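Some notes on the structure that comes next.
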Number of protein chains: 2
Amino acid sequence: MPPTTPDTPRTPRQRYRAQLQQEIKQAALAQIAEGGIEALSINAIAKTLGMSGPALYKYFRNRDDLLTALISDGYEDAAEAIRTAAHRAADRSPRDRLLALAHAYRDWALAQPHRYLLLAGTPAATYEAPARTTDSARAVMGPFLAVLVEGTPWPAAEPLYAEVRAWVESIPAVAEWVATHAPAADDPVPALAASVLAWSRMHGIVSLEVQGSFQGMGHDSATLLALEIGALADAVGLSPDACPESRARRL
Amino acid sequence: MPPTTPDTPRTPRQRYRAQLQQEIKQAALAQIAEGGIEALSINAIAKTLGMSGPALYKYFRNRDDLLTALISDGYEDAAEAIRTAAHRAADRSPRDRLLALAHAYRDWALAQPHRYLLLAGTPAATYEAPARTTDSARAVMGPFLAVLVEGTPWPAAEPLYAEVRAWVESIPAVAEWVATHAPAADDPVPALAASVLAWSRMHGIVSLEVQGSFQGMGHDSATLLALEIGALADAVGLSPDACPESRARRL
DNA sequence: TCACTATAGCTATAACCTCTAACCAAAACT
DNA sequence: AGTTTTGGTTAGAGGTTATAGCTATAGTGA
């Protein structure tokens, strides 16, 4: 007998259940795309699916449970988008690859802004993310780490390195994450720190853009993103010229 | 007769009204500090004030109106905090002043995280901010502009400058904002662009920290902030050494 | 094939919420 | 003193999440 894979349920009941769960999440995404996260209503979803109210509680324990599923799927999808961008840019220079990843991050967010806010926006104070969420977030940032590991240490970041070193040494999951995305690194700390920098810079720009905070300002966020991530690439020595050893180090 | 100042109402009814509005906002802030923005309930506020439900609608048209008042007050308070930080650091170097402002921004956010999220967090999709909000946000960033105007253009930011130039030339309020905080600038565009960069970097770091996204990561966000804003200072030529003309330009 | 059990869906209901309507009493103004 | 403005009340419409309890049916095992 083949091993029971939990992803492809075998019994008809499980299959029906899984399919209806998918439909519920689909309807939920449609609601969120329309009216934001606060427009997500268990009742309204049930109505669109032709069933009434409390029936959905057989499929998701509560609203937060449904939200968690949507967030989990979202991370999966975002990670996939970043991965394909990494594949597409595999033969380019490290600097170009980093920029391609950053733009893929932004493109994914812009294509489905409310879904991006589901992942990166302000979580409800009552909601606490399950532990797996951290792994999913790391999956999104993995390709960034894989590129940034080709950089060199950045003197100004020394204080950050010390803190990051303590972090990676104290949490095994982080070391494991490094091992999967940057197995050949002798010292992953500079790349880890650079990943944090990339994350916070991208988050700053993209979340402001998606929230509409740049409304009325004449700039293109793509320009901003290219500038910020390009500066980061320069700082860690992923310089645009072909011979990275000949560049002068820049901050 | 003295001119009627709308801030200090004269008739007893107006004074009572203003005082009760303050109490309502106070109670609202307490609720938000406890359970986040979604815990803000008109009903619950009324209960704590010893009056029942719909009475509050005589003071705020609806929930969004109250929220707007809280946000407006919040911007006021944040701007005040940044201003005092600017005063305190008035005799330091431009680089130190910029860093002092950034840390004041973060400190204000950390002292009252939910209130910060009220300003910088994901706004509800239904909520649209009144036009004054933009001015309030500019008031917060004004001291940053005043410092950054002492920098010099950053070659890599040229594409951003072009967009920012079109922005400041098309919107008079922006030019006015520049005039109040950087009246002596011959070309405000580089400082404006640097302000946007400072904003997005600070927002990225501080919002991630306040949202708890850095939970479980071993770094201190103050280190991250100092690194990022310090790098920005270096990029725009606010170098740490006393003689700014002798420094080598860095990215 | 038949009996049993697990489960998908229903309705009813509790406990919240926002916000409107209608009314009352007291304060303020003329 | 009479009139108007205004603060506060209760009642209620319409929405939400979530639980309890029931029914009918689909799947399962003997």
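Residue numbers begin at 1 in each chain, while the letters A, B, ... track the order of the sequences. Computed from a predicted model, the values in this text were never measured in an experiment.
Legend: residues meeting ring pair (Phe, Tyr, Trp, His ring centres under 6.0 Å) with A:Trp199, ordered by chain and number and at least two apart, are B:Phe214. Residues passing the salt bridge (charged side-chain N to carboxylate O under 4.0 Å, His left out) test with B:Arg138, sequence neighbours excluded: B:Asp135. Residues satisfying the ring pair (Phe, Tyr, Trp, His ring centres under 6.0 Å) criterion with A:Phe144, sequence neighbours excluded, are absent altogether. Legend: residues meeting salt bridge (charged side-chain N to carboxylate O under 4.0 Å, His left out) with A:Asp220, ordered by chain and number and at least two apart, are A:Arg106. Take A:Ser136 and apply the side chain to side chain donor-acceptor pair (under 3.5 Å) test, not counting sequence neighbours, and it matches no residue. Contacts of A:Glu23 classified as side chain to side chain donor-acceptor pair (under 3.5 Å), with partners at least two apart in sequence or in another chain: A:Gln19.
A:Ser200 contributes no side-chain N or O that, together with a main-chain N or O of B:Ile205, makes up a donor-acceptor pair within less than 3.5 Å.
Residue pairs meeting the side-chain hydrogen bond (donor to acceptor under 3.5 Å, both in side chains) criterion with at least one member in residues 35-62 of chain A: none, sequence neighbours excluded.
Along DNA chain D, read 5' to 3', the first and last nucleotides having any atom under 4.0 Å from a heavy atom of chain B are D:dT5 to D:dA11.
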In residues 66-75 of chain B, what donor-acceptor pairs under 3.5 Å come from side-chain atoms, sequence neighbours left out?
{"residue": "B:Thr68", "atom": "OG1", "partner": "B:Asp64", "partner atom": "O", "Å": "2.8"}
{"residue": "B:Thr68", "atom": "OG1", "partner": "B:Tyr127", "partner atom": "OH", "Å": "3.0"}
{"residue": "B:Asp73", "atom": "OD2", "partner": "B:Lys25", "partner atom": "NZ", "Å": "2.8"}

Table please: side-chain donor-acceptor pairs of residues 107-114 of chain A below 3.5 Å, with sequence neighbours left out.
{"residue": "A:Trp108", "atom": "NE1", "partner": "A:Asp77", "partner atom": "OD2", "Å": "3.0"}
{"residue": "A:Gln112", "atom": "OE1", "partner": "A:Arg115", "partner atom": "NH1", "Å": "3.0"}

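Here A:Ala55 lies in heavy-atom contact (under 4.0 Å) with sugar-phosphate atoms only.
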Inset, instruction - Determine, for nucleotides 16-21 of chain C in 5'-to-3' order, which nucleotides have protein heavy atoms under 4.0 Å from the base (write B), from only the sugar-phosphate (write S), or from neither (write -). - result: -SBBB-
Pairwise N/O distances under 3.5 Å, protein to nucleotides 27-30 of chain C:
none

